[in-house]
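Quick notes on the structure that follows.
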Amino acid sequence: MANGTAALHVAALASGIGPGDVGVPSPLTFLASANGIAYTGADVDFVDVTSDTLCLDIDALADRCARRQAPKLVVAVDYAGVPCDLPRLYELAGAYGFTLLEDASHALGSEYRHQGRRYRCGGCGHAHMATLSFHPVKVITCGEGGMVLTNDDDLARRIRQLACHGVERERGRLTRDDGPWYHEMHELGFNYRITDFQAALGVSQMRRLEEWCRRRREIVRRYDDAFADLADAPPWPDHTSPAFHIYVLRLRGVWREHRHRFFERLLEAGISPQVHYIPVHTQPYYQARLGYAPGSFPIAEDTYSRCVSLPLYPSMSEADVSRVIDAVCAILSGAP
Ligand SMILES: Cc1ncc(COP(=O)(O)O)c(C=O)c1O
């Protein structure tokens, strides 16, 4: 696909969701996870994340399904590359009949164990579909690019069709046959194709995936050790091996209320931090339509109020990592 947003859009359409239906994404994600649902005309509703994974709170989702109109689609984001509890979500999808779409944009290379077996995020071992983004900051990149993955042939055919103008070329599926050139448009699709040049770059990057994920985890271990007494480290559940697309530190103690100052001091030290994410339900577009009051999703909002993402990329040298560690420790050891 041309990008991860296009992938989410066609995956949502392929799930059959549309006006009158409800789709549930996590509020702690990039806008596209929710927008993919909104493009279809369906209503977007959110369910909070849990503080132990920063992924969808499955108990809250189960409660929502039991009490209100069950969603037709759930977009579960592997936040920062930490796998959602996909086996449990998949079980819930079976019980309530929703399509489970894993937004694995952060999680190419992430793994989880379930009942003694290893599964890869995006592999659809426990999801109907998964999407990836190959945006420049992702674990691998095509410049821009995305992908939908599924093990379901019918979904795959629908996704391919939607991504290419809704065009059908298979002889047995056409209403007539004018000749070998003939094809038909069966639905209103899009031009969401990635170029061959970009795909070639992606294929070559895939060869380095394992090495890059290993290096990301090494850096995360160094950060975790260095910051253990100063801030809350990103989640790293026991049964998982995350690809760690981002390293999200959550400030605590006296610094909890001073993220802005911490951010500026890092900039002054020549280090570029980021914030992932402004909760999607607080964006003016969604506020105007859904009217969520502050405090609607307290864990996502609390995470936003005190999170800062630190530099994390495989080509960081040990000296680069030390420089970030020294700067963070110096700032957090002092007063705001
Ligand atoms: C979780 C998540 N989903 C979807 C996207 C959208 O991907 P793209 O930028 O390739 O459209 C992104 C980021 O870019 C993302 O972080």
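Both ligands and their constituent atoms are indexed starting at 1 by order of listing. Quick note: residue numbers are just sequence positions, from 1.
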Closest protein heavy atom to atom 16 (O) of ligand 1, given as residue, atom name and distance to 0.1 Å:
His106 NE2, 2.8 Å
Any N/O of Lys138 closer than 3.5 Å to an N/O of ligand 1?
yes
Ser33 heavy atom under 4.0 Å from ligand 1:
yes
Do we see a donor-acceptor contact under 3.5 Å between the side chains of Asp152 and Thr150?
no
Can you list the ligand 1 atoms lying under 4.0 Å from a non-hydrogen atom of Asp103?
1 (C), 2 (C), 3 (N), 4 (C)
Can you say whether the rings of His126 and Tyr90 are parallel (under 30°), tilted (30 to 60°) or perpendicular (over 60°)?
perpendicular
Counting each atom of ligand 1 from 1 as listed, which ones have a heavy atom of Thr29 under 4.0 Å away?
1 (C)
For Ser305 and Arg256, which I'm curious about, is there any donor-acceptor pair between the side chains at under 3.5 Å?
no
For His135 and ligand 1, does the shortest N/O to N/O distance drop below 3.5 Å?
no
If I compare all heavy atoms of Glu102 with all of Cys121, which pair ends up nearest, and what's the gap?
OE2-CB, 3.4 Å
Is it true that, when you exclude Arg171 itself, more than 12 heavy atoms of the residues, nucleotides or ligands shown sit nearer than 6.0 Å to its CZ?
yes
Give the numbers and elements of all ligand 1 atoms closer than 4.0 Å to a heavy atom of Gly4.
7 (O), 8 (P), 10 (O), 11 (O)
Taking everything shown except Ile271 itself, do over 12 heavy atoms lie less than 6.0 Å from its CD1?
yes
Axial cation check for Tyr304 ring with Arg259, 6.0 Å and 45° limits
yes
Check each atom of ligand 1 against the heavy atoms of Gly145 and keep those under 4.0 Å away; list them by number with element.
10 (O)
Below 3.5 Å, N or O to N or O, backbone or side chain included: is there any such pair between Phe30 and ligand 1?
no
Would you mind checking if Arg157 and Glu168 are paired as a salt bridge, meaning a charged N to carboxylate O distance below 4.0 Å?
yes
Nearest protein heavy atom with distance in Å, relative to atom 11 (O) of ligand 1
Thr5 OG1, 2.5 Å
Short N or O distance, Tyr277 and ligand 1, threshold 3.5 Å exclusive
yes
If you count the atoms of ligand 1 from 1 in the order shown, which ones are under 4.0 Å from a heavy atom of Leu8?
4 (C)
